[in-house]
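I have a structure I would like to understand better, so I am pasting it below and will then ask my questions one at a time.
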Amino acid sequence: MSNHALAERHRLAQLLTAAGPDAPTLCAGWTTRDLAAHLVIRERRADAAAGIRVGALAGWTQRVQDGYAERPYEELVRLFRAGPPLFSLFALPGADEAANTIEYFVHAEDVARAGDDWTAQPVPPGRAEALWRRLPLIARLEAGRRSPVRLTLSRPDGRSLTVGPAGAPTVHLTGDPGELVLFTYGRGARTVLDVDGAPDAVEALRHVLPLPPK
C-alpha cells in the first residue's frame, strides 16, 4: 500500500534543505525555519501542539515553537525527516497517513511556491486520488464554512463536489486535486485554477479566500 504521507514528508524535508533556514513560505510571517519548528513540535510536543487549533493555548505553542526555532536548522529538518517518535500519536498505525498526507503536501507547496518564479509540478496519480478522497471533508471544514458563496470544486475529468451556503450564488473552480486542496487551505493566489461565476460572486469570494490573479 502506498504511503503518501511518508513520500510527502521526504519531499518536504528535501525542499526545506534546499531552501535553507531563511527562505519565505506561504505561511504568513513564517520562514522555512519557523515552518520546520512547527512540524517538529506538532508531532513531538503534544503539550504544545494543541495550541495550533485551540486559540487559548496559542501563546504557549508559540513560545515552544520559538524555542525550537533557535535550534540548528539542520537538526530540525533531521528530526522531521526521521518521523514521529514512538510516544507520538502520529506513530499509531495509520495515523501518519490519515493526518499528514494533506498536511505535508500543503506545507511542501508552501515552500515550493513561495518564490515569484514558482510552477505547479505534476502530482503522482495515486497521490492525486488520495488528495481527492480527502477533499470533501476539508472543503466543508475549511472553505465551505468561510465562503459567502456556493463553491463547486471540479476536476478536469468532470468529477466535482459542492460546499458552501445553500441558495447563495455559485462560483465554479476547476483544477487538479492538489490545486483544489491548496485553494481550500487559503493558498488560492498561488494555484492553477479556472474560476467561473458572476463577477460580484467571484469578488465576494476573493475577499474571503484568495484566488488566482485575474
Side-chain angles (χ1 to χ4, degrees), residues 5 8 11-12 15-16 19 23-39 41-42 49-55 58 61-62 65 99-121 123 127-128 130-155 160-165 168-197 200-214:
E8 287 297 325
R11 183 170 78 100
L12 176 50
L15 286 165
L16 289 169
T25 74
L26 297 185
C27 300
W30 281 6
T31 65
T32 41
R33 178 184 294 278
D34 298 315
L35 177 54
H38 159 79
L39 293 166
I41 70 165
R42 182 174 172 271
I52 296 171
R53 291 285 183 181
V54 181
T61 297
Q62 189 62 56
Q65 181 171 310
N100 290 329
T101 296
I102 282 182
E103 175 83 7
Y104 295 160
F105 170 79
V106 171
H107 283 320
E109 298 303 321
D110 284 337
V111 178
R113 303 190 186 207
D116 292 334
D117 58 348
W118 66 274
T119 57
Q121 299 298 315
V123 177
R127 197 160 312 148
L131 295 175
W132 177 252
R133 288 195 300 271
R134 290 162 171 79
L135 184 60
L137 176 60
I138 66 167
R140 288 195 297 272
L141 293 177
E142 300 291 338
R145 65 182 178 82
R146 297 171 57 193
S147 175
V149 301
R150 196 83 165 147
L151 297 172
T152 297
L153 309 179
S154 301
R155 298 177 61 162
S160 66
L161 63 98
T162 302
V163 297
T170 299
V171 174
H172 301 267
L173 296 99
T174 303
D176 292 329
E179 304 302 304
L180 295 170
V181 165
L182 291 170
F183 160 77
T184 297
Y185 276 95
R187 276 70 165 180
R190 297 294 177 99
T191 58
V192 180
L193 290 170
D194 291 329
V195 182
D196 184 47
D200 56 345
V202 172
E203 285 307 306
L205 176 61
R206 193 182 296 275
H207 283 301
V208 177
L209 288 165
L211 293 171
K214 299 178 182 180

Listed pairs under 3.5 Å, donor-acceptor, residues 169-176 side chains, sequence neighbours left out:
none

Run the salt-bridge test on Glu179 and Arg113 with the 4.0 Å N-O cut-off and return the result as yes or no. yes

For the residue pair Leu161 and Pro136, what are the closest heavy atoms and their distance? CD2-CG, 3.9 Å

Evaluate the ring planes of His107 and His38, with Trp represented by its six-membered ring, and classify them as parallel (under 30°), tilted (30 to 60°) or perpendicular (over 60°). perpendicular

With sequence neighbours left out, write down each residue that passes side-chain contact (heavy atoms from CB on, under 4.5 Å) with Pro165, or none if nothing qualifies. Ala168

I need the Arg140 CZ to Leu151 CG distance, nearest 0.5 Å. 13.0 Å

Is the backbone N or O of Thr152 less than 3.5 Å from a side-chain atom of Ser160, with the two atoms forming a donor-acceptor pair by type? no

For Arg190 and Gly115, which heavy atoms make the closest approach, and how far apart are they? NH1-O, 3.1 Å

side-chain contact (heavy atoms from CB on, under 4.5 Å) involving Leu141 - partner list, sequence neighbours excluded: Leu137

Considering residues at least two apart in sequence or located in another chain, which fulfil the salt bridge (charged side-chain N to carboxylate O under 4.0 Å, His left out) criterion with Arg11? Glu8, Glu109

Which atoms form the tightest heavy-atom contact between Leu131 and Gly178, and what is the distance? CD1-CA, 3.9 Å

Backbone N or O of Glu142 within a donor-acceptor pair of the Arg146 side chain at under 3.5 Å? no

Got a sec, which residues hit ring-ring contact (aromatic ring centres under 6.0 Å, His included) with Phe105, two or more places apart in sequence or on another chain? none

Which side-chain N or O atoms in residues 204-214 pair as donor and acceptor under 3.5 Å with protein atoms at least two apart or in another chain?
unit_1, atom_1, unit_2, atom_2, d
Arg206, NH1, Pro212, O, 3.1
Lys214, NZ, Glu203, OE2, 3.1

Show, in sequence, the C-alpha distance, side-chain angles and deciding distance for Leu12 and Leu39, and conclude whether the side-chain contact (heavy atoms from CB on, under 4.5 Å) test is met. CA-CA 10 Å; Leu12 176 50; Leu39 293 166; 3.6 Å; yes

I'd like to check Phe183 versus Leu153 (side-chain heavy atoms, cut-off strictly below 4.5 Å). Are they in contact? yes

Here the pair of heavy atoms bringing Val192 nearest to Ala120 is CG2-CB, 4.0 Å

Heavy-atom donor-acceptor pair, Arg33 side chain to Thr31 backbone, under 3.5 Å: no

How close do Leu15 and Ala108 get, heavy atom to heavy atom, and via which atoms? CD1-O, 3.4 Å

Mind checking the CG-OG1 spacing from Leu180 to Thr191? Nearest 0.5 Å is all I need. 8.5 Å

Shortest non-hydrogen contact from Cys27 to Asp110? SG-OD2, 3.2 Å

